[in-house]
Amino acid sequence: MPLYTPPLRDMQFVLHEVLDVASEFQALPAHAEVDVDTINAVLEEGGKFASEVAFPLNLTGDEQGCTLDKATHEVTTPAGFKDAYARYVEGGWPALSCDPAYGGQGLPFVVNQCFYEMLNSANQAWTMYPGLSHGAYEALHAYGTDAQKQTYLPKLTSGEWTGTMCLTEPHCGTDLGLLRTKAEPQADGTYRITGNKIFISAGEHDLTENIVHLVLARLPDAPKGSKGISLFVVPKFLMNADGSLGARNTIHCGGLEHKMGIHGNATAQIVIDGAIGTMVGEPNKGLAAMFIMMNAARLGVGNQSLGLTEVAYQNALAYAKDRIQMRSLTGTKDKSQPADPIIVHPDVRRMLLTAKAYAEGGRALLMYCTLLLDKELHHPDEKVRKDSAELVALLTPIVKAFLTDNGWNATTQCQQVFGGHGYIHEWGMEQFVRDARINMIYEGTNTIQALDLLGRKILSNNGASLKKFGKLVARLVEEEGVNEKMSEFVTPVALLADQMTKFTMEIGFKGSQNADEVGAAAVDYLRVAGHLVFGYFFARMAQVALKKIADGSTDPFYTAKLQTARFYFAKLFPETATLMRTARAGSRALMDTDAVFA
């Protein structure tokens, strides 16, 4: 049976000692009273819910999966899921970071993100049911009419209803400009929506009495392509004038996908047959509203892989300490046993440290991004809001792609620690691997994220956004450049930051001559950028740890943090040299290959 302990100490380290979020909140009127004790208390209780309520259902949920009654189109979730959701609602967890105007608790996003990391470690499939509601909430909060907000936001905030995002269709995935779902205007101001959607996570379930679908569709006179997409809110049940649930809308689950992983989440084929919906935002401008959901989901998917990386590491570490196999290469370590525990072997430590480093780097990056979101939304200074928004936009594709690639790597490495037992279901490791694999695909494949980063976020503004992150690196170098103890952490980051300027210019110049050069370099480029960001945060974490030790702390946590940082810079960060070389190799070796595929 797997185990999970919420990583509260590391969360508190990043929140309070690295980012000093309580001081940051004092500049945000909406969060000025949120202090260290409040944050810690919320996360401690959240950790209990994740480990004691959601986690015990992970294995059984994977075994049972969801079932569809084809006659009624109703979906039954695995045993215990519905009760766990009721406890989640009873505890007020859906409202954690929602607007108090609609019944929310108004806590910062960064606190909610930490809570969701723990939920993702505990049970990614279950967490997707409430998790998707946050994106629907944000889209309606930003673009909904007053009537839509009053109808849907209180219910989404309380968790009485959940939300989905209905984008993908059988003939189109990422290329939403090809979608065919139609929206016919009605005399009463509503629309009749008709079409088919697939791969809709949490698209149908028995956890709540109503589901709020946000659906992309085309008006009859819509322009072709992505410029002709509108967004509609289409509830499972319509509302009566008194606010009670009315008739069943003509939107239902026509089938469930039988997936490699996340079996406990209902990935639905949604049939929309003249369902009644109302428009969100302006005609033909639905993507702007939907991108709020998509960007929230991309950060959320990165958080899913962070959660899986953490729980896989914890289980692999426990196994490596207990499993005996062979003797250490440098001589017997435990004479009381017929063999030494496998944690004495260098390559086992490499696998464990890889997962640990990817978890700790990912945690710091995600917390920083959600702190930026809090500043973007609530800081009184317009320039701070604008700068925060630009940095979040730059970092979002890195969070989604780098963390999910790393999560797949880490869970696979942790499975390898178990040897043959890693393939046995009861240990939990093969499920973590299967669940982690989808995160690299949905909410825009990682190649799409790489193209977004290089093409849209960097080359389109001549690297201005990248330069803003570069200023953070320069500030750290200025602070610690003459500190010999920080040299091993700062110097590699400073060097890569300098190399990135020339690297980006080279790719941009070649891309201006041949767009395939951008496509050929983008995935490698994103990983280089990911390591630059991780390196920066590992240097900052090392900076704090060194200061604590210098001040007399004997807490082994800080020693461990330095050791993890040293491993990262010695064994993972050097990947950037190979990546820059392969990115510079260009597109010819890929595109001049017609004979291969003839």
Side-chain angles (χ1 to χ4, degrees), residues 61-62 64-78 81-82 85 125-126 128-133 135-136 161-184 186 190-219 229-239 245-278 280 286 290 293-294 297 438 441-443:
D62 182 69
Q64 295 174 17
C66 298
T67 55
L68 169 67
D69 185 326
K70 293 186 177 180
T72 64
H73 306 297
E74 299 294 332
V75 168
T76 301
T77 54
F81 272 41
K82 187 173 183 178
Y85 187 81
W126 180 89
M128 291 170 68
Y129 290 104
L132 285 162
S133 297
W161 298 351
T162 58
T164 74
M165 47 194 295
C166 295
L167 287 72
T168 306
E169 298 184 3
H171 62 283
C172 69
T174 302
D175 191 356
L176 294 172
L178 298 175
L179 69 83
R180 299 171 185 160
T181 300
K182 300 182 297 183
E184 296 283 346
Q186 306 297 300
T190 63
Y191 295 81
R192 288 281 183 177
I193 318 293
T194 301
N196 294 281
K197 302 288 184 177
I198 62 169
F199 302 155
I200 309 306
S201 300
E204 179 59 45
H205 56 78
D206 59 353
L207 305 186
T208 59
E209 61 182 5
N210 203 9
I211 301 173
V212 182
H213 299 284
L214 289 188
V215 181
L216 289 183
R218 291 188 180 281
L219 297 170
I229 298 174
S230 300
L231 180 65
F232 301 86
V233 57
V234 184
K236 177 179 175 180
F237 283 94
L238 300 171
M239 300 291 292
L245 289 182
R248 180 74 159 82
N249 209 353
T250 50
I251 179 171
H252 67 265
C253 176
L256 291 177
E257 309 292 355
H258 299 281
K259 310 182 298 297
M260 173 181 173
I262 55 170
H263 294 157
N265 194 268
T267 306
Q269 302 164 12
I270 297 293
V271 178
I272 314 170
D273 186 14
I276 296 174
T278 56
V280 180
M290 185 57 84
M293 286 190 72
M294 291 172 69
I438 195 171
I441 296 173
Y442 60 11
E443 305 312 334

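Worth knowing before you read on, the calculation uses all heavy atoms, side chains too, and leaves out hydrogens, waters and symmetry mates.
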So which heavy atom on [X] is nearest to which on [Y], and how close?
X	Y	answer
Gly135	Met293	O-CG, 2.9 Å
Ala268	Gly203	CB-CA, 4.0 Å
Cys66	Asn265	SG-C, 3.9 Å
Phe237	Asn210	N-OD1, 2.8 Å
Cys166	Ile200	CA-CD1, 3.7 Å
His205	Thr77	CB-CG2, 3.9 Å

Over 12 non-hydrogen atoms of neighbours within 6.0 angstrom of NZ in Lys259: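 Atom NZ in Lys259 is crowded, with more than 12 foreign heavy atoms closer than 6.0 Å.
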Would you say Arg180 has more than 12 foreign heavy atoms packed within less than 6.0 Å of its CZ?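 Counting other residues, nucleotides and ligands, CZ of Arg180 stays at 12 neighbours or fewer.
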Once rounded to the nearest 0.5 Å, what's the spacing between atom [atom1] of [X] and atom [atom2] of [Y]?
X	Y	atom1	atom2	answer
Ile262	Tyr442	CD1	OH	4.5 Å
Asn249	Ile211	CG	CD1	12.0 Å
His263	His258	NE2	NE2	10.0 Å
Lys70	Leu256	NZ	CG	9.0 Å
Glu443	Thr174	CD	OG1	9.5 Å
Thr190	Phe232	OG1	CZ	10.5 Å

Identify which one of Lys236, Gln269, His213, His73 satisfies the side chain to side chain donor-acceptor pair (under 3.5 Å) criterion when paired with Glu204.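 Of Lys236, Gln269, His213, His73, side chain to side chain donor-acceptor pair (under 3.5 Å) with Glu204 is met by Lys236 alone.
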Partner of Glu169 under side chain to side chain contact (heavy atoms under 4.5 Å, CB included), chosen from Leu179, Ile198, Leu216, Ile270: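 One option only clears the test, and that one is Leu179.
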Residue that, paired with Lys197, satisfies side chain to side chain contact (heavy atoms under 4.5 Å, CB included) out of Ile251, Val215, Leu167, Thr168: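 The option that passes is Val215.
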Fit a plane to each ring of Trp126 and Tyr85, take the angle between them on a 0 to 90° scale, and name the class: parallel (under 30°), tilted (30 to 60°) or perpendicular (over 60°).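 It falls in the tilted class, 30° to 60°.
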Residue pair Ile438, Phe199: steps toward the side-chain contact (heavy atoms from CB on, under 4.5 Å) verdict: CA-CA 12 Å; Ile438 195 171; Phe199 302 155; over 6 Å; no
Would you tell me whether Thr194 and Glu184 have side-chain atoms, one donor and one acceptor, within less than 3.5 Å of each other?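 No, no side-chain donor-acceptor contact under 3.5 Å.
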Do we see a donor-acceptor contact under 3.5 Å between the side chains of Asp273 and Thr250?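 No donor-acceptor contact under 3.5 Å links the two side chains.
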Walk me through whether Leu214 and Leu231 qualify under side-chain contact (heavy atoms from CB on, under 4.5 Å). CA-CA 7 Å; Leu214 289 188; Leu231 180 65; 4.0 Å; yes
Would Val233 and Thr278 satisfy side-chain contact (heavy atoms from CB on, under 4.5 Å), going step by step from the backbone distance to the final call? CA-CA 6 Å; Val233 57; Thr278 56; 2.9 Å; yes
Strictly distance-based, threshold 3.5 Å: is any side-chain N or O of Ser133 a donor or acceptor partner for the main-chain N or O of Gly163?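 Yes: the side chain of Ser133 pairs with the backbone of Gly163.
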Are any non-hydrogen side-chain atoms of Thr181 and Ile193 less than 4.5 angstrom apart?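 SC-SC contact between Thr181 and Ile193 confirmed.
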